[in-house]
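Heads up, the thing below is written out as structure tokens.
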2 protein chains.
Amino acid sequence: MTTMQDVATRAGVSAKTVSRVFNDDPHVTEDTRERVQSAMRELKYVPNMLARTFREGKSAVIGIAVPDVADPFFAAVTKGIELAAREHDMAIVVTSLGDNPALEQSIIQTTVRRQIDGLIIAPIAADQSYLARWQDSFPIVFIDRIPTKLHADYFVEDDFGGAFEATKHLIAHGHHRIAIVGDSTDVPTTKLRLEGYLAALADAGLKSDQELIALGSRDADAAAHVCKTLLALPDAPTAIFSSNARFSTGVFPALQALNRTDIALISFGDFPMADVLQPSVSVIDQNPRHVGRVAAERILARIAAPTKKFRRKNVIPVKLIERQSCQSPVTHLLPQLTSDARM
Amino acid sequence: MTTMQDVATRAGVSAKTVSRVFNDDPHVTEDTRERVQSAMRELKYVPNMLARTFREGKSAVIGIAVPDVADPFFAAVTKGIELAAREHDMAIVVTSLGDNPALEQSIIQTTVRRQIDGLIIAPIAADQSYLARWQDSFPIVFIDRIPTKLHADYFVEDDFGGAFEATKHLIAHGHHRIAIVGDSTDVPTTKLRLEGYLAALADAGLKSDQELIALGSRDADAAAHVCKTLLALPDAPTAIFSSNARFSTGVFPALQALNRTDIALISFGDFPMADVLQPSVSVIDQNPRHVGRVAAERILARIAAPTKKFRRKNVIPVKLIERQSCQSPVTHLLPQLTSDARM
DNA sequence: GAAACTCATGTCATCGATGACATGGGCTTC
DNA sequence: GAAGCCCATGTCATCGATGACATGAGTTTC
């Protein structure tokens, strides 16, 4: 690996002068500058960021910790972060936290010890107080779920409002037996989405039925199984609010396998191909790229102006994308052309 | 940030002894070891990986460069790499190359200058000779496309064989007018897939028709548009071989919008929800997690045994997953239950 | 008893780039 | 002419952990 000292030797100057040239320091004569640049080109010099980071105390890296890098939602969030970071010549280090809350702290420490200039985290544990010791070193921004036992920036979707709107939408389409399927309410986002669901029922003067609150699944397969159980009830639901896109990808195939695509479905979170399923699935869109971008921009803003005040608590509005899945059965069994004309 | 010197001061030893304790060096008495460990716990010491990397010349980081981190295929590859890396206490740095070949080199240099112990790259440019200078420093493994002008390890799918099989499958279902839709043949994977397609036609004694070779799209929208053009031909195709899952997610919605789901479709590469679309889409499955894993394992193997010989050229078999999309129209318009019983 | 070996601990240079400051020369101001 | 300022360049300590080696004490072998 070519070092600045190698370039310096070749150009007949000190390494410090090479550093000055490389960093566009004005205190270099034009003649010296050209000589050094020529040597850099000849030796194809690429700076060692590690040494720079070490000396400067800055890495130009944003750490990203999400439950699963392969999850479409978090992949899109990551993309949003990456694009914003790149505009500022920063790189990203990504890690999956998995779904075991007990591992969050140790996995985060693995990321942090590599020296990052900021951390964006979608937490899975119930306690983030372990991060307090690093808040003096770099900005930390939470996404998807708010931090617990830690005062930090966050950008989360309007879980309550989105669930409220989704449930309202189902009610407006005539559904009164509405199930909610998803994670355990130990998961804060699920808890809020349940609250939104319950509030919409109450707002419409409907009584909630504990049998229809089918929370506690861990993955898409479990959600699929829960659906089958729900539809076997004597007083089965006519609609399902899936509290997470990850589960929706289990719920939809289950409904299809049961030949029950007459059951209305709305997903909190969009997912790939949802718009071309039959019926196409109505969703509450979280706009993950935007989430990633604003989170990264907050990191960058805090780095640029360490003492400036920014609003810490940010709830991002979500948007209902109405597709076919909440229509009545008569509507979406019509020929495709007719259905498209209606949309 | 607590340093080893802080711990050393507290424990009344040298920083070197702290290092020995931390790294389980046997040349420390049990008494000293306990004293140091106690100090580490009290100070919540977390080592600075940067300093270690700097001194040791090893970072325990694998760099990953793929066209797009948000692409489901590459997200799954990344996941496979991450899991393998984590088993060896290594982290991953991820970057998206985008789709402009001219930017590959500069983006890769941004990754490399951060000191990585290995690089896994799905290239987009026509020339990777710029990587030669780093091959003495760390192992480089190519995925998805073979390296050009560089002698390096690669793990690529059987593009030719998969395309051959996909086309054969369509022919076996009675299709003689088969179009191929996808990227430009400047893209090496597309070129091979075209060759497989052509070979299968020739093998079946079918003549290829230039009108049905609809390559050159850049994204899913363009592929959708190409489909419309193809189906407007006087002698329109009855089947489409989509050479990339990314394009399939444009082709399928286009066929649906045109109410032409009678057109057979097979996708090179699986994609989310393909199995629950109607008709569910037959695919040539690339198993991206496996690709990621074997690539990472090669990096790890080369690090562990630098002089050992490994096979550089690895073509990973792909697998046909037959679903409904290549059936004749009569078959997949039957009631769902009947269709499932047949599968 | 002397030499060799082992164990435990410590010192110090190293990694590559940069911050802090020194230094010498030239120019300007008083 | 002296003092102060600015420019251009260089020296050297720094960043935190570890490799290379030194050192002193204790034990074993000849």
Side-chain angles (χ1 to χ4, degrees), chain A residues 1-37 39-40 43-61 89 109-110 112-117 134 137-138, chain B residues 1-37 39-40 43-61 89 109-110 112-117 134 137-138:
Chain A
M1 196 91 147
T2 309
T3 66
M4 278 186 180
Q5 185 55 57
D6 299 329
V7 176
T9 302
R10 195 178 189 103
V13 297
S14 70
K16 180 65 183 177
T17 300
V18 175
S19 180
R20 287 199 177 97
V21 173
F22 189 81
N23 294 300
D24 291 318
D25 187 315
H27 296 113
V28 186
T29 64
E30 208 49 47
D31 175 60
T32 301
R33 185 180 302 273
E34 284 174 4
R35 212 159 68 241
V36 171
Q37 285 172 340
M40 283 193 212
L43 294 176
K44 295 177 183 171
Y45 172 71
V46 174
N48 183 329
M49 285 301 298
L50 205 63
R52 183 177 191 155
T53 299
F54 203 24
R55 183 63 189 83
E56 274 195 327
K58 289 193 284 189
S59 65
V61 173
D89 201 29
Q109 282 187 352
T110 303
V112 170
R113 57 200 268 217
R114 297 183 197 280
Q115 214 86 342
I116 51 178
D117 285 348
W134 282 300
S137 302
F138 53 80
Chain B
M1 195 90 153
T2 310
T3 66
M4 277 185 180
Q5 186 54 58
D6 298 329
V7 177
T9 302
R10 195 177 189 99
V13 296
S14 71
K16 180 64 184 179
T17 299
V18 175
S19 180
R20 287 199 176 97
V21 172
F22 188 82
N23 293 301
D24 292 318
D25 188 315
H27 296 114
V28 185
T29 64
E30 209 48 48
D31 174 58
T32 301
R33 185 181 300 275
E34 284 174 5
R35 213 159 66 239
V36 172
Q37 285 172 339
M40 281 191 214
L43 294 176
K44 295 176 182 171
Y45 172 71
V46 173
N48 182 331
M49 286 302 298
L50 205 64
R52 183 179 192 156
T53 299
F54 202 25
R55 183 62 188 83
E56 274 195 326
K58 288 190 288 187
S59 65
V61 173
D89 202 27
Q109 281 187 350
T110 302
V112 170
R113 60 200 263 218
R114 296 182 197 280
Q115 215 85 344
I116 52 178
D117 285 347
W134 282 300
S137 303
F138 53 81

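The analysis underlying the following values was restricted to heavy atoms, covering all of them including side chains, and did not include hydrogens, waters or symmetry mates.
Between the C1' atom of C/dT18 and the CG atom of A/Asp24 lies a distance of 15 Å, rounded to the nearest Å. Between the CD atom of A/Gln5 and the P atom of C/dA17 there is a distance of 10 Å, rounded to whole Å. Remark: P of C/dT14 and CG of A/Asn48 are 17 Å apart, rounded to the nearest angstrom. Separating the CD atom of A/Glu30 from the C1' atom of D/dT9 is a distance of 16 Å, rounded to the nearest angstrom. Remark: P of C/dA22 and NE2 of A/His27 are 16 Å apart, rounded to the nearest angstrom. Atom CE of B/Met49 is separated from atom P of D/dA17 by 11 Å (rounded to the nearest Å). Atom CG of B/Asp25 is separated from atom P of D/dA20 by 13 Å (rounded to the nearest Å).
The backbone N or O of B/Asp25 lies less than 3.5 Å from no partner atom in the side chain of B/Asn23, so there is not a single donor-acceptor pair. Put simply, the side chain of B/Ser59 gets close to the backbone of B/Gln115: a donor and an acceptor are under 3.5 Å apart. Not a single donor-acceptor pair under 3.5 Å links the side chain of B/Asp117 to the backbone N or O of B/Lys58. Remark: the backbone N or O of A/Val28 is not paired with any side-chain donor or acceptor of A/Thr32 at under 3.5 angstrom. A donor-acceptor pair under 3.5 Å is formed between the side chain of A/Arg35 and the backbone N or O of A/Ala11.
At a non-hydrogen distance threshold of 4.0 Å, A/Phe54, A/Arg55 from residues 50-61 of chain A come into contact with DNA chain D. Contacts with DNA chain D (heavy atom under 4.0 Å) in residues 13-23 of chain A: A/Val13, A/Ser14, A/Lys16, A/Thr17, A/Arg20, listed by number.
If A/Met4 and B/Thr32 are placed on DNA chain C by their nearest nucleotide, the residue sitting closer to the 5' end is B/Thr32.
Checking the phosphate oxygens (OP1, OP2) of C/dG16, no side-chain nitrogen or oxygen of A/Tyr45 falls inside 4.0 Å.
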Side chain to side chain contact (heavy atoms under 4.5 Å, CB included) between A/Arg113 and B/Asn48, intermediate numbers included: CA-CA 5 Å; A/Arg113 57 200 268 217; B/Asn48 182 331; over 6 Å; no
Step-by-step side chain to side chain contact (heavy atoms under 4.5 Å, CB included) determination, A/Thr2 to A/Val46: CA-CA 7 Å; A/Thr2 309; A/Val46 174; over 6 Å; no
Side chain to side chain contact (heavy atoms under 4.5 Å, CB included) evaluation trace for B/Val18 with B/Val21: CA-CA 5 Å; B/Val18 175; B/Val21 172; 5.8 Å; no
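Closest heavy-atom contact between A/Val7 and A/Val36: CG1-O, 4.0 Å.
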